[in-house]
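Atoms within each ligand, like the ligands themselves, are counted from 1 in listed order. Not measured: the values here are computed from a predicted model. Basis for what follows: all heavy atoms, side chains included, without hydrogens, waters or symmetry-related copies.
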Amino acid sequence: MPIYHKQGALPPKRHTQFRKPDGELYSEQLFGTIGFDGMSSLLYHHNRPTMVKEILKSTDVSPKIALEKNIRSLKLVSFNAPAKDDFLEAREPLLVNSDIIIGVAAPRKSLREYFYKNTDADEMLFIHKGTGILRTIFGQIPFEYGDYLIIPRGTIYQIDFDTEDNRILYAESFSPIYTPKRYRNWFGQLLEHSPFCERDYKLPQDLETFTDTDEHLIKVKKQGVMHEMVYIGHPFDVVGWDGYNFPYGFSIHNFEPITGKIHQPPPVHQTFETNAFVICSFVPRLYDYHPLSIPAPYNHSNIDSDEMLYYVDGDFMSRNGVQPGNISLHPAGIPHGPHPGAAERSIGQKGSEELAVMIDTFKPLMVTENAMKLDDGDYYQSWL
Ligand SMILES: [Fe+2]
């Protein structure tokens with residue numbers, strides 16, 4: 001997150017004495033994700049953040065691959081993924097490679113029994129259904145339908161849901177998730193042609209500070225293994241922090257679509273980037289205004305990227321027979337395009353109400369056993 005933010009109490013000078021009312025020192029922690037070179041924050045803990053009491057068990061949670069080398073276009077009915085009480089057990093990894101795990105989750109219960117930390121990956125949670133509060137070591141972020149939550153690796157968090165009806169698209173990214181570089185100036189500020197600006201971000205607020213020295217369980221994900229670690233001291237014991245590395249939210253409804261006289265290519269929808277994939281937002285927008293324009297996209301030969309599209313809402317203009325919660329995968333190597341009739345149908349239309357999230361990966365995606373259970377079977381023949 002290339003803007004500065006802070007919460008709570010801070011000493012006037014970094015790396016200097018900062019004491020509790022009883023005279024003891026607070027414990028300072030530098031929190032970055034790219035050595036000492038990337039964005040970082042400085043946190044001040046009531047207790048030392050290093051007090052591991054024991055490691056209860058370690059469980060391999062890496063995705064089970066069903067199809068390692070895939071050339072079949074797929075449609076997955078993600079709403080058929082079962083709802084489960086637990087936030088982590090509800091996760092269904094669907095499409096994966098060495099850079100990313102893409103999945104869906106329908107957790108019923110708030111995460112309150114333990115804390116969670118993913119040290120492998122930045123997480124992107126896209127909220128399709130549900131409201132609540134993401135509670136983190138940096139503060140709280142209320143969320144609702146249409147929010148992206150970007151959580152840097154290493155962030156300890158819990159999540160509260162207001163009801164049991166929740167649907168989430170998630171991505172675990174093994175490299176940091178940023179806003180597109182072309183929309184930022186050399187100081188990091190979003191430029192005037194960016195389809196969103198800093199004012200749209202939901203920053204952590206209402207920092208919670210618990211000072212107990214009880215035992216607390218943190219489930220720590222590292223190298224695809226979930227380690228259950230018991231710490232002494234509450235993980236949310238930060239009295240203050242400042243810096244550039246922290247979780248934040250952004251609503252897809254605040255994405256300002258870029259439109260044109262003729263069909264605009266997918267990069268205009270780009271919202272986030274990493275060095276291995278991009279995340280794009282398709283939002284309600286006006287169509288092209290050339291008198292002979294064809295608003296539907298042209299066929300394209302995505303030779304070098306796999307394209308995953310998650311349909312959120314509205315009628316998706318270039319596809320026949322897709323419903324909210326459906327996922328399409330158009331694998332690299334073979335061209336794809338609008339469904340039969342979609343190009344003609346789009347001519348003369350003034351706009352679209354479609355809402356969708358696209359993730360284009362630069363390496364091919366493998367298909368998991370979980371995904372095969374959601375596969376509708378004959379999507380790859382749907383252009384005949
Ligand atoms: Fe495409």
Side-chain angles (χ1 to χ4, degrees), residues 67 70-78 94-97 99-100 102 104 124 126 169 171 180 182 195 252 255 257-260 262-274 276-288 293-347 349 351-367 371 375-376 378-384:
L67 212 51
N70 174 50
I71 199 150
R72 202 159 60 95
S73 297
L74 297 176
K75 185 171 86 176
L76 309 176
V77 183
S78 85
L94 302 176
L95 303 168
V96 306
N97 64 27
D99 300 314
I100 189 172
I102 301 170
V104 293
M124 181 283 288
F126 176 79
L169 167 74
R182 69 178 183 280
I252 196 169
F255 188 88
I258 296 168
T259 57
I262 55 169
H263 184 80
Q264 298 294 297
V268 300
H269 306 285
Q270 194 187 343
T271 314
F272 302 106
E273 71 183 8
T274 73
F277 64 89
V278 297
I279 301 176
C280 300
S281 303
F282 288 80
V283 302
R285 63 193 183 280
L286 296 177
Y287 278 152
D288 327 326
S293 71
I294 302 175
Y298 31 81
N299 299 293
H300 50 280
S301 61
N302 48 314
I303 286 296
D304 55 3
S305 66
D306 272 26
E307 180 188 295
M308 186 240 50
L309 201 49
Y310 179 91
Y311 303 91
V312 182
D313 211 344
D315 192 16
F316 207 78
M317 141 287 258
S318 60
R319 298 270 162 268
N320 302 335
V322 295
Q323 305 296 326
N326 286 179
I327 289 172
S328 63
L329 172 67
H330 300 137
I334 53 172
H336 68 276
H339 270 138
E344 282 287 1
R345 197 168 63 227
S346 74
I347 293 171
Q349 306 264 344
S352 167
E353 292 301 311
E354 70 191 22
L355 196 66
V357 174
M358 185 169 79
I359 302 178
D360 281 6
T361 62
F362 308 152
K363 286 185 202 150
L365 289 161
M366 297 180 283
V367 183
D375 179 20
D376 92 329
D378 54 8
Y379 176 74
Y380 73 102
Q381 296 171 317
S382 62
W383 286 269
L384 289 173

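Ion pairing between a basic and an acidic side chain is recognised when a charged N comes within 4.0 Å of a carboxylate O; R72 and D375 show such pairing. Ion pairing of D99 with K363 is present here, as a side-chain N (NZ or NE/NH1/NH2) and a carboxylate O approach within less than 4.0 Å.
Residues meeting the side chain to side chain donor-acceptor pair (under 3.5 Å) test with D360, sequence neighbours left out: none. By the ring-ring contact (aromatic ring centres under 6.0 Å, His included) test, Y311 pairs with F316, sequence neighbours left out. With sequence neighbours excluded, the residues that form a ring-ring contact (aromatic ring centres under 6.0 Å, His included) with H263 are Y298.
Side-chain contact between V367 and L94 is absent, with no heavy atoms from C-beta onward closer than 4.5 Å.
For the Fe ion (ligand 1), protein N/O/S neighbours under 2.8 Å (waters excluded) are H300 NE2, E307 OE1, E307 OE2, H336 NE2.
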